[in-house]
Amino acid sequence: MSTADTPRLDAAALRADFPILEQTIGGERLVYLDSGATSQKPRAVIDAEVAFLTHANSAVHRGAHTLAAEATELYEDARATVAGFVGAEAENLVWTSGATAALNLVAYAIGNATAGRGAPASTRFALHPGDELVVTETEHHANLIPWQELAARTGAVLRHIPVRDDGTLDLDAAASVIGDRTRVVAFTHVSNVLGIVNPVADLVALARAVGALTVLDACQSAPHLALDLPALGVDLAAFSGHKMLGPFGIGALYGRTEVLEALPPFLTGGSMVTTVTLDEADFLPPPQKFEAGTQPVSQTIALAEAVRYLDRLGMDAVHAHESVIERRMMAGLREIPGVRLLGDAAGAERVGIAAFDVAGVHAHDVGQFLDARGVAVRVGHHCAKPLHARFGLTASVRASTSVFTTEDDVDALLDGLAGVRAYFGVES
Ligand SMILES: Cc1ncc(COP(=O)(O)O)c(C=O)c1O
């Protein structure tokens, strides 16, 4: 379907689905432009979690009573629903507490393989001193520090693919950084600062050519783009419920079957074993192998409701709507004197995230100035310090959109910003 044929969302009407947006901030209409940090939740999602806790609350699996059976069914249905949302099968989706947990799971599982733990098949993941792990300069700390730590524990070397001045990845450099020693290529689908969609197919092709494992951080793509993770060809991918209209405390790790089967577990304990003696344990097959302990059941049910909500809107319609909003936002920001956009690559595929610096005004001051007008934006390094350093900054302002973001919201941001430098006495 071409963009012209894609149905548009009525974002103004959708606002009514999000109870939090009914409130005013200091007497001003709430303009929530911080969905990149966490999205707001539609009433259906809140209701689904409350309904589960009210009528079906129970720990899942192995209970002999009615509630346990009902909770288990809802929990496994939620897994199938969320897996389907990213084009996957239920057995390829591991519940985690969020994307940070999912990415750490992978790094620690590789560390365990390196330490000789796991089935014979896991030796393919074992790292040796001098082996290389590759990330990009655009990573959120959640997809950077776990690899730094893994390198420190194993003697592997961490390398990175640089970002160009316009915010796109330097693919020529990627082709020389990814080489015979590369064992893992971990990269974000969409930068949480730049909003630019990275070239997954190119990076997967480079990684595959040298037999490296690919790990995708899909946190900022899952809420905004129709995803088919198996079709993207990545081995593993992480995403986060609270950024895609779902609750806190739930996320997922997608993995290709043979990869999940071969990786050793990270956390161990109850609910992930077959036999246990005082000396050793055997593990269930994936995904349960990676789900030690009592799981956040009500959050899985609410996340499934969130993806049903997104499915009803249609992810093509979501992307088309947010693209219109994003273009209006970027065009308006470019016109404001003193505003410098980070990663303003011409023609780049983007989601509705714009980060910028206002010359002469600290990001925190910009944030407070906008907040006084009811406009909620993010300020700081957005957990991407190396990327900010690359652009010569320690902090920026970030506006990010969701399905309920309207053109009026963007105009409120732009109107506010138009006056910020004068307010702080900075010359235009
Ligand atoms: C690109 C990216 N990766 C990872 C994370 C961490 O996600 P979570 O909050 O689920 O741990 C975030 C959250 O800000 C993010 O934007």
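The shown structure was predicted, so the numbers you read here are calculated from the model rather than taken from an experiment. One-based numbering, in listed order, for ligands and for the atoms of each.
- A search for ring-ring contact (aromatic ring centres under 6.0 Å, His included) contacts involving His242 returns Phe248, not counting sequence neighbours.
- Judged as a ring-ring contact (aromatic ring centres under 6.0 Å, His included), and not counting sequence neighbours, Phe290 has no contacts.
- Between Asp415 and Arg373 there is no salt bridge, since none of the side-chain N atoms of the basic residue sits less than 4.0 Å from a carboxylate O of the acidic one.
- Between Arg29 and Asp408, none of the side-chain N atoms (NZ, or NE/NH1/NH2) sits under 4.0 Å from a carboxylate O, so this pair counts as no salt bridge.
- Salt bridge annotation for Lys41-Asp17: absent, with no cationic side-chain nitrogen under 4.0 angstrom from a carboxylate oxygen.
- Scanning for ring-ring contact (aromatic ring centres under 6.0 Å, His included) contacts around Tyr108 gives Phe266, with sequence neighbours left out.
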Pairs under 3.5 angstrom, nitrogen or oxygen on both sides, ligand 1 versus protein: list them out, please.
residue, atom, partner, partner atom, Å
ligand 1, 3 (N), Asp217, OD1, 3.4
ligand 1, 3 (N), Asp217, OD2, 2.5
ligand 1, 9 (O), His242, NE2, 2.9
ligand 1, 10 (O), Ala99, N, 2.8
ligand 1, 10 (O), Ser240, OG, 2.6
ligand 1, 11 (O), Thr100, N, 3.0
ligand 1, 11 (O), Thr100, OG1, 2.5
ligand 1, 14 (O), His140, NE2, 3.1
ligand 1, 14 (O), Lys243, NZ, 2.6
ligand 1, 16 (O), Gln220, NE2, 2.7

